[in-house]
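A quick write-up on the structure given underneath.
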Amino acid sequence: MLASVAAEVEQATGGEQRPWIASSLPGYEAATQAAGSATAGPLPNDDTVAALHSRGILPKDSSEQYEITFWDSIKDSNYPADYEAYLKAYPNGRFATLAHARIDRLRAAASNTPTPTAPAQHAAPPVQPAQQSARPATPAAPAVPAVPAASATQERPRTAATPPAASTAAPATPPVSAAAQKPVAHAPSAGESRDCATCPVMIALPAGSFSMGSNSDDPSEKPVHHVTISVPFAIGKYEVTVEQWNACVAANACPKLTPETNTNKAAPARDLSWDDAQQYVKWLTKTTGKPYRLPTEAEWEYAVRGGTSTAYWWGDQMRKGNANCKDCGEPWHREGPEAVGSFAPNPYGLYDMNGSVWEWTADCWHNSYQSAPADGRAWDSPGCDMRVIRGGSWREGGGYMLSATRFKYSAGVRQSQDGFRVVKDLK
């Protein structure tokens, strides 16, 4: 029935809508081909359903689903660099034409915007999470009949026509308040240290054991396995901030941040690739003479849990005021993450590990924890490109903030939700 609907919609619109169907029904592909669906393969639009039984980011063992998830995370962005990041990862991807069109429209809109008489604060426009159903501005098209939850019929994006500039101009973003510009001060905790004035504040964590992963519907979080961190280590109390990153830039050791992400010096540095983060830890190690690096994925989860075994470090249900995400409570701004330390710390005294920005770890991406190291070391592979990111960001909802949630990005791709915190070996 769904295949017939897809064929009828394509015929009725003269090929302008080419429906795409995601289904868990066996034998679906043969039925689709028999019904005469597009021979070039499925071409989903912005509202593609990524997967069933998931938080909207699964399954992550499929390159096709990874591309769809990548697009879902940026599809409503008014920030050209997000589409450039997609094109770098997928130069011939299914959304490449749409990405080029968005970049052209956003740059045209920016060039037509009058120059303000006084400098204005600018923050990166928002990107809605993958679950959001808002559509980009496109010409009106006939509606497609609703389908059961087990499958979804979508239309192919129409990229031939470009809407008027007035309908695509980026919305004005409010200035960042003076309060948001100021770092949040906290009293030093036990085991806290700092190796230089512009270095991250570090907190020493003891050796210990914990159960890593979860029994959720996400196969990448299984199996739950026992991990022993045999030696103490220090981890950043906060994510690396814009101000700290700029110290590396001033030393000509790190690339400059984009103007949109460089507004609030106390906010986490973002729009950074894994390769960028490696440049920073290399500079920090050389500057301080101390062994800095990215946390392993096991160290990161050990740190975020803070000795707990619940879904979040504060319990099994979202509780407002503990994380920087779109439904996690105030303060929250669509334009970007809050200043570091704006929310409650976990039991280890660490801030913003849930929400704020996704954080890079040292590990290569693996589709599950099968055969994962049990000693907390980085799980690397020769020629690895996909690296693990953890923790969610301010753009997603509470379902992404769980301690076990994990995802992946290409090591060389910059995306405006991605940042990091550092680890230092203690000898």
Side-chain angles (χ1 to χ4, degrees), residues 70 73-74 77 79 81-82 85 123-124 126-127 129 176 180 183-184 198-202 235-249 254-284 292-297 299-301 303-304 323-326 328 332-333 335-343 350-363 387-396 400-401 405-423:
F70 195 133
S73 73
I74 66 167
S77 177
Y79 183 28
D82 284 340
V127 174
V176 178
V184 180
T198 57
C199 292
V201 176
M202 307 297 289
I235 189 168
K237 183 176 182 177
Y238 314 103
E239 294 146 332
V240 171
T241 66
V242 170
E243 184 175 26
Q244 290 162 356
W245 180 268
N246 284 344
C248 182
V249 173
C254 290
K256 291 183 178 180
L257 297 173
T258 59
E260 294 87 350
T261 61
N262 197 32
T263 304
N264 185 352
K265 307 303 181 187
R270 58 190 178 90
D271 200 14
L272 298 171
S273 69
W274 188 89
D275 293 336
D276 293 332
Q278 291 294 338
Q279 286 185 252
Y280 180 84
V281 294
K282 181 179 180 180
W283 168 78
L284 194 59
Y292 281 92
R293 56 179 173 81
L294 288 179
T296 70
E297 188 179 10
E299 289 171 338
W300 194 97
E301 188 165 327
V304 72
N324 185 195
C325 83
K326 75 178 185 67
C328 296
W332 182 81
H333 295 89
E335 297 79 24
E338 303 304 310
V340 297
S342 296
F343 294 81
L350 305 173
Y351 290 82
D352 307 312
M353 296 198 76
N354 310 82
S356 187
V357 293
W358 287 95
E359 298 182 19
W360 289 107
T361 69
D363 296 47
R387 298 285 174 172
V388 179
I389 54 175
R390 299 294 300 258
S393 83
W394 87 98
R395 286 176 176 161
E396 286 91 32
Y400 286 76
M401 307 299 117
T405 297
R406 59 197 298 261
F407 195 52
K408 62 181 178 179
Y409 266 94
S410 174
V413 171
R414 291 173 180 156
Q415 213 273 355
S416 60
Q417 292 165 263
D418 297 346
F420 68 103
R421 74 179 67 216
V422 296
V423 154

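- In terms of the side chain to side chain contact (heavy atoms under 4.5 Å, CB included) criterion, residue partners of V242 (sequence neighbours excluded) are, by chain and number, N246, L257, N262, K265.
- Taking a cutoff of 4.0 Å between a charged side-chain nitrogen and a carboxylate oxygen, E359 and R421 qualify as a salt bridge.
- In plain terms, the two heavy atoms of A323 and C328 that are nearest each other are O-CB, 3.0 Å.
- Considering CZ of R390 and NZ of K408, their distance stands at 15.0 Å, rounded to 0.5 Å.
- Between E297 and R406 there is a salt bridge, since a side-chain N of the basic residue sits under 4.0 Å from a carboxylate O of the acidic one.
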> Given the rule in the side chain to side chain contact (heavy atoms under 4.5 Å, CB included) test, do E396 and K326 qualify, once you have shown the distances and angles that lead to the verdict?
Replying inline: CA-CA 6 Å; E396 286 91 32; K326 75 178 185 67; over 6 Å; no
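- Within the 4.5 Å cutoff, the side chain of M202 has no heavy atoms near those of the K237 side chain.
- Heavy-atom minimum distance, V340 versus E239: CG1-O, 4.1 Å.
- Within the 3.5 Å criterion, the main-chain N or O of M401 finds a donor-acceptor partner in the side chain of N354.
- Using modelled atom types, no side-chain atom of W283 and backbone atom of Q278 make a donor-acceptor pair closer than 3.5 Å.
- Rounded to the nearest 0.5 angstrom, D418 CG and L272 CG are separated by 8.5 Å.
- A distance of 6.0 Å or more separates the ring centres of Y409 and W274.
- For the pairing with V240, the side chain to side chain contact (heavy atoms under 4.5 Å, CB included) check across V281, V422, V357 returns one residue only, V422.
- Rounded to the nearest 0.5 angstrom, S416 OG and R395 CZ are separated by 3.0 Å.
- Here the CZ atom belonging to F407 is positioned 7.0 Å from the CH2 atom belonging to W358, to the nearest 0.5 angstrom.
- Residues passing the ring-ring contact (aromatic ring centres under 6.0 Å, His included) test with Y292, sequence neighbours excluded: none.
- Scored by the salt bridge (Lys or Arg N to Asp or Glu O under 4.0 Å) test, E299 finds R293 as partners (sequence neighbours excluded).
- In this structure, a donor-acceptor pair under 3.5 Å is present between the side chains of Q417 and S393.
- With hydrogens and angles ignored, the 3.5 Å screen pairs a side-chain donor or acceptor of R387 with a backbone N or O of A362.
- Here CG of L294 is found 10.0 Å from CG of D363. Values are rounded to the nearest 0.5 Å.
- The minimum heavy-atom distance linking Y351 with G341 is given by the pair CD2-CA, 3.6 Å.
- Here the closest heavy-atom approach between residue S356 and residue P337 is recorded as O-CB, 3.8 Å.
- Aromatic ring orientation, F420 versus Y280: perpendicular (interplanar angle above 60°, classes split at 30° and 60°).
- Salt bridge annotation for D276-R414: present, with a cationic side-chain nitrogen under 4.0 angstrom from a carboxylate oxygen.
- Residues C199 and L284 come closest through the heavy atom pair SG-CD1, 3.7 Å.
- Between the side chains of E243 and T198, no donor N or O sits under 3.5 Å from an acceptor N or O.
- Put simply, the side chain of N324 never gets that close to the backbone of G355: no donor and acceptor are under 3.5 Å apart.
- Taken from CD in E335 to CG in N264, the straight-line distance is 11.5 Å, to the nearest 0.5 Å.
- When all heavy atoms are compared, the tightest approach of S273 to A411 is CB-O, 3.3 Å.
- A heavy-atom distance below 4.5 Å is found between the side chains of W245 and P255.
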